[in-house]
Amino acid sequence: MLFRSGIVTSETGAAIHDIINVIRRRNTKVDILLYPALVQGDGAYKTVIEGIEYFNKKKSVDVIIIGRGGGSMEELWNFNEEPLAYAIFKSKIPIVSAVGHEVDFTISDFVADFRAATPSQAAEVVVPLEEDQYNQISEYKEKLSFIISDRLKEEKQNVKNLEKILYTAEINGQNVECGI
């Protein structure tokens with residue numbers, strides 16, 4: 001089962017490296033798509049909005065992580081901007097806000113579908129363990145095998161019953177039409 005995670009953050013910051021490392025450690029089958037955005041400075045929130053809109057337009061990911069590592073309140077301020085809050089709210093794709101460290105809160109955190117305390121935690125929450133996925137597939141395989149086996153037994157019994165009816169009809173010399 002292929003899972004695609006969209007990340008909207010700086011392509012050079014520590015946050016993207018942390019997210020990628022955690023995702024790869026948890027699951028090698030996850031595709032990671034980065035939309036490079038400014039996460040600090042005047043008007044940087046606009047590039048985060050562009051990233052959210054890009055992924056929603058392309059419908060190319062299952063979840064979006066937005067965020068950056070820690071910093072002062074001024075450095076995190078872009079994640080408090082009203083237009084960004086509306087973009088997060090309007091997103092059809094679930095968004096995880098991963099801004100700063102555990103003690104940092106922004107408006108983005110309260111509008112997003114989930115708030116992660118750190119970018120690394122966002123990756124932990126979003127990406128399932130590969131081993132868990134294989135175990136789940138194995139369970140589904142067993143259940144499906146049982147259902148198919150049970151259904152085959154039922155159908156074989158139905159065929160035997162129909163054969164008995166036809167055999168009995170032939171012995172009694174009746175002209176029987178089968179509507180199967």
Side-chain angles (χ1 to χ4, degrees), residues 1-140:
M1 139 180 11
L2 189 59
F3 184 81
R4 301 186 92 191
S5 181
I7 316 295
V8 181
T9 192
S10 170
E11 63 188 326
T12 59
I16 187 62
H17 297 289
D18 291 346
I19 291 170
I20 290 171
N21 287 336
V22 171
I23 288 175
R24 287 291 169 248
R25 186 177 68 238
R26 291 181 63 80
N27 196 321
T28 60
K29 304 291 189 258
V30 171
D31 279 347
I32 302 168
L33 284 75
L34 172 66
Y35 187 94
L38 299 174
V39 292
Q40 182 176 323
D42 195 29
Y45 70 92
K46 294 174 185 174
T47 63
V48 177
I49 292 171
E50 290 169 5
I52 293 169
E53 290 173 347
Y54 171 82
F55 286 128
N56 273 273
K57 183 178 178 184
K58 295 287 185 182
K59 297 181 175 106
S60 58
V61 296
D62 300 295
V63 66
I64 301 169
I65 297 173
I66 63 167
R68 57 160 286 150
S72 68
M73 186 49 71
E74 292 77 23
E75 292 172 325
L76 303 178
W77 192 257
N78 277 286
F79 293 90
N80 286 318
E81 295 290 346
E82 185 178 350
L84 178 56
Y86 279 113
I88 293 168
F89 180 77
K90 291 190 309 187
S91 177
K92 300 295 182 199
I93 299 169
I95 294 184
V96 176
S97 178
V99 180
H101 295 298
E102 293 184 29
V103 296
D104 299 318
F105 286 91
T106 63
I107 291 172
S108 295
D109 296 331
F110 298 106
V111 182
D113 296 286
F114 186 86
R115 178 209 179 247
T118 64
S120 294
Q121 185 194 32
E124 292 271 349
V125 169
V126 164
V127 176
L129 286 170
E130 195 169 336
E131 182 179 337
D132 289 348
Q133 285 186 307
Y134 283 120
N135 290 338
Q136 187 175 27
I137 290 169
S138 182
E139 286 177 27
Y140 289 154

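Residue indices begin at 1 and follow the sequence shown.
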Task: R24 CZ to I32 CD1 distance, which is reported to the nearest 0.5 Å - done: 3.5 Å

Task: Closest approach of I19 to P119 (non-hydrogen atoms, all atoms of both residues) - done: CG1-O, 3.5 Å

Task: K59 side, atom NZ; K92 side, atom NZ - distance, nearest 0.5 Å - done: 9.5 Å

Open item on the list: Given I16, which partner from the list T9, N21, V8 fulfils the side chain to side chain contact (heavy atoms under 4.5 Å, CB included) test?
Closed with: T9

TODO: Supply the atom-to-atom distance L84 CG to I66 CD1, rounded to the nearest 0.5 angstrom.
DONE: 5.0 Å

Open item on the list: Please find the pair of heavy atoms, one from R26 and one from V127, that lie closest to each other, and give the distance.
Closed with: NE-O, 2.7 Å

- [ ] Return the set of residues passing side chain to side chain donor-acceptor pair (under 3.5 Å) with N56 (not counting sequence neighbours), or none when no residue passes.
- [x] S91

TODO: Write down the atom of S60, the atom of L33, and the distance for their closest heavy-atom approach.
DONE: OG-CD2, 4.1 Å

- [ ] Specify the closest pair of heavy atoms between V22 and S120, including all atoms of both residues, with the distance to one decimal.
- [x] CG1-O, 3.9 Å

Task: CZ-CG distance between R25 and L129, expressed to the nearest 0.5 angstrom - done: 9.5 Å

Open item on the list: Would the distance check show the side chain of D104 and the main-chain N or O of H101 forming a donor-acceptor pair, the cut-off being under 3.5 Å?
Closed with: yes

Task: Cationic N near anionic O, under 4.0 Å, E50 to K57 - done: no

Task: Qualifying ring-ring contact (aromatic ring centres under 6.0 Å, His included) pairs, either residue in residues 9-54, two or more places apart - done: Y35-Y54

Open item on the list: Please identify which of these residues, V48, I88, I49, meets the side chain to side chain contact (heavy atoms under 4.5 Å, CB included) condition with P83.
Closed with: I49

Open item on the list: Between R4 and F55, is there a side-chain heavy-atom distance shorter than 4.5 Å?
Closed with: no

Task: Gap separating the CZ atom of R68 from the CD atom of E75, nearest 0.5 angstrom - done: 5.5 Å

Task: Where P94 and D113 come nearest, the two heavy atoms and their spacing - done: CA-OD2, 3.1 Å

Task: Separation of N80 CG from F105 CZ (nearest 0.5 Å) - done: 12.0 Å

Open item on the list: So, applying side chain to side chain contact (heavy atoms under 4.5 Å, CB included) with I95, which one of I64, V63, V111, I65 is it?
Closed with: I64

Open item on the list: Testing the basics here: between T106 and S97, what is the closest heavy-atom pair and its distance to 0.1 Å?
Closed with: OG1-OG, 4.5 Å

- [ ] Return yes if some donor-acceptor pair links the side-chain N/O of E11 with the main-chain N/O of L34 below 3.5 Å, else return no.
- [x] no

Open item on the list: Could you go through I52 and K90, starting from their C-alpha distance and side-chain angles, then the distance that decides it, and tell me whether this counts as side chain to side chain contact (heavy atoms under 4.5 Å, CB included)?
Closed with: CA-CA 10 Å; I52 293 169; K90 291 190 309 187; over 6 Å; no

TODO: Evaluate the side chain to side chain contact (heavy atoms under 4.5 Å, CB included) criterion for residues V126 and F114: first the C-alpha distance (whole Å), next the side-chain angles of each, then the deciding distance (0.1 Å), finally the verdict.
DONE: CA-CA 10 Å; V126 164; F114 186 86; over 6 Å; no

Task: Backbone of F79 reached by a side-chain donor or acceptor of S108 within 3.5 Å - done: yes

